[in-house]
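Read through the structure below, which is laid out as structure tokens, and then see the notes.
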Protein chains: 2
Amino acid sequence: MVTSEPHTLQEGIEQAGHRLTYPRQAILDLVAQHPDGFTAEEVCAQLPQVGRATVYRTVKLLLDLGLVCKMTGPDGAPRYTLSVAGHHHHTLCVRCGAAADFQRCTVDLILQTLRAETAGVILGHRMEVYVLCPRCLEQEETTSSGSPT
Amino acid sequence: MVTSEPHTLQEGIEQAGHRLTYPRQAILDLVAQHPDGFTAEEVCAQLPQVGRATVYRTVKLLLDLGLVCKMTGPDGAPRYTLSVAGHHHHTLCVRCGAAADFQRCTVDLILQTLRAETAGVILGHRMEVYVLCPRCLEQEETTSSGSPT
DNA sequence: ACCGTGGTTGATACTCCGTCTCAATAATGC
DNA sequence: GCATTATTGAGACGGAGTATCAACCACGGT
Ligand SMILES: [Zn+2]
Ligand SMILES: [Zn+2]
Ligand SMILES: [Zn+2]
Ligand SMILES: [Zn+2]
């Protein structure tokens, strides 16, 4: 079992037969430091030495390799986060964007019902739960009671 | 019960105190003819006499009034469809874009679990089911068995 | 019917996000 | 070290939506 489940982004890239170049390494490092998720533009901003095209390409590569997940904010803004194994979805903080996984996907129940009702074929689904994360919630409360401008 | 539940887009617009102008009327008519859903650009294309800005503004207006729903395709492309009363979601054909409602949203079950687990606050959710609609499914089968190029 | 007010329009410029192009560059195998 | 090939990055490009702003039109008051 040499080339099984990659445990790091680097491994994933190399196992897929892609070169681990400097720009990629930089992006991977940055991404790994943001378990809460990130946007492509955030990466661009923090790595001015790396070209925008390369950032987008690398994110897409990670996406194709299943190493990161693509999420959609309330306004449709795309956001990415490190992927975990297995079927899962995310909660997304509407304020800071922090993402968290949740595995329990009882969507299957809904799909079963749908499958029985529709003559078409179900291919997949998307689900996102929008939250105010504990940290932002706390801030919100502090602000509203503290300094009522 | 004079100004209750609007039954047409026109009524909805007027009840909200907005003028029912010609451009709007044209957009509303077109939208009403596309129960399967539509994109803003489709409307633009079919109504060259109406400015793009107006199309986008009107769609946004309908959205704000809750008369249409905004969906997100697998690739993130926005699409709109006439709204129905009550909490619901949509199935979206990945091929032709046709949208259909489904009311049964057992997402609540998931949310209950999440609520118990998280210290944050759940504000909302998004869910879309991607399908190959009956019509497209049929075509697919016909094509693959009929002309194997 | 006329006028004034304010909502509405639409051409255009602009922003944002992401992709494409293509010559220069870096990694790899020999 | 050299050829081969993947990768890079500056900049052009494209699609989607918004901002601007002068012209316009619907409507209420007279
Ligand atoms: Zn937060
Ligand atoms: Zn699921
Ligand atoms: Zn279809
Ligand atoms: Zn729901």
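Quick note on labels: first sequence line is chain A, next is B, and so on, each numbered from 1.
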(message) If I take atom CG in residue L47(B) and atom P in nucleotide dA11(C), what distance separates them, rounded to the nearest angstrom?
(response) 13 Å
(message) OP1 or OP2 of dA6(D) versus the side-chain N and O atoms of R24(A): is any pair under 4.0 Å?
(response) no
(request) Between T21(B) and R57(B), name the one whose nearest nucleotide on DNA chain D is closer to the 5' end. (result) R57(B)
(request) May I have the distance from D64(A) (atom CG) to dT19(C) (atom P), rounded to whole angstrom? (result) 10 Å
(message) Expressed as a whole number of angstroms, how long is the span from H18(B):NE2 to dG6(C):P?
(response) 17 Å
(request) Dump the intermediate steps for side-chain hydrogen bond (donor to acceptor under 3.5 Å, both in side chains) on Q33(A) and D29(A), then the final yes or no. (result) CA-CA 6 Å; Q33(A) 286 168 26; D29(A) 284 350; 5.9 Å; no
(request) Nearest whole angstrom, please: distance from the C1' of dA6(D) to the CD of E14(A). (result) 14 Å
(message) Mind checking if R52(A) touches a base, just sugar-phosphate, or nothing, with heavy atoms under 4.0 Å?
(response) base
(request) Mind calculating the distance between CD (E41(A)) and P (dC17(C)) to the nearest angstrom? (result) 5 Å
(request) With the side chain of A53(B) defined as its heavy atoms from C-beta on, choose the nearest nucleotide among dA10(D), dG10(C), dT7(D). (result) dG10(C)
(message) Among dT9(C), dG9(D), dA26(D), which nucleotide has an atom closest to any side-chain atom of R19(B)?
(response) dA26(D)
(message) Need to verify one output field. Residue with the more 5' nearest nucleotide on DNA chain D, K60(B) or Y22(B)?
(response) K60(B)
(message) Rounding to an integer number of Å, can you tell me how far Y56(A) OH sits from dC16(C) P?
(response) 11 Å
(message) With rounding to the nearest 0.5 angstrom, report the CG to SG distance, D36(B) to C96(B).
(response) 6.5 Å
(request) Give the nucleotide from the list dT8(C), dC17(C), dG9(D) with an atom nearest to the side chain of P78(A). (result) dC17(C)
(request) Mind checking the CG-OG1 spacing from L67(B) to T58(B)? Nearest 0.5 Å is all I need. (result) 12.0 Å
(message) Output the rounded distance in Å from CG (L20(A)) to P (dT7(D)).
(response) 11 Å
(message) Could you tell me how far apart D75(B) (CG) and dG14(D) (P) are, to the nearest whole angstrom?
(response) 19 Å
(request) Check the side chains of E41(B) and Y56(B) for a donor-acceptor pair under 3.5 angstrom, ignoring hydrogens and angles. (result) yes
(request) Taking all non-hydrogen atoms of both residues into account, name the closest pair between R126(B) and G76(A) and its distance. (result) NH2-N, 4.0 Å
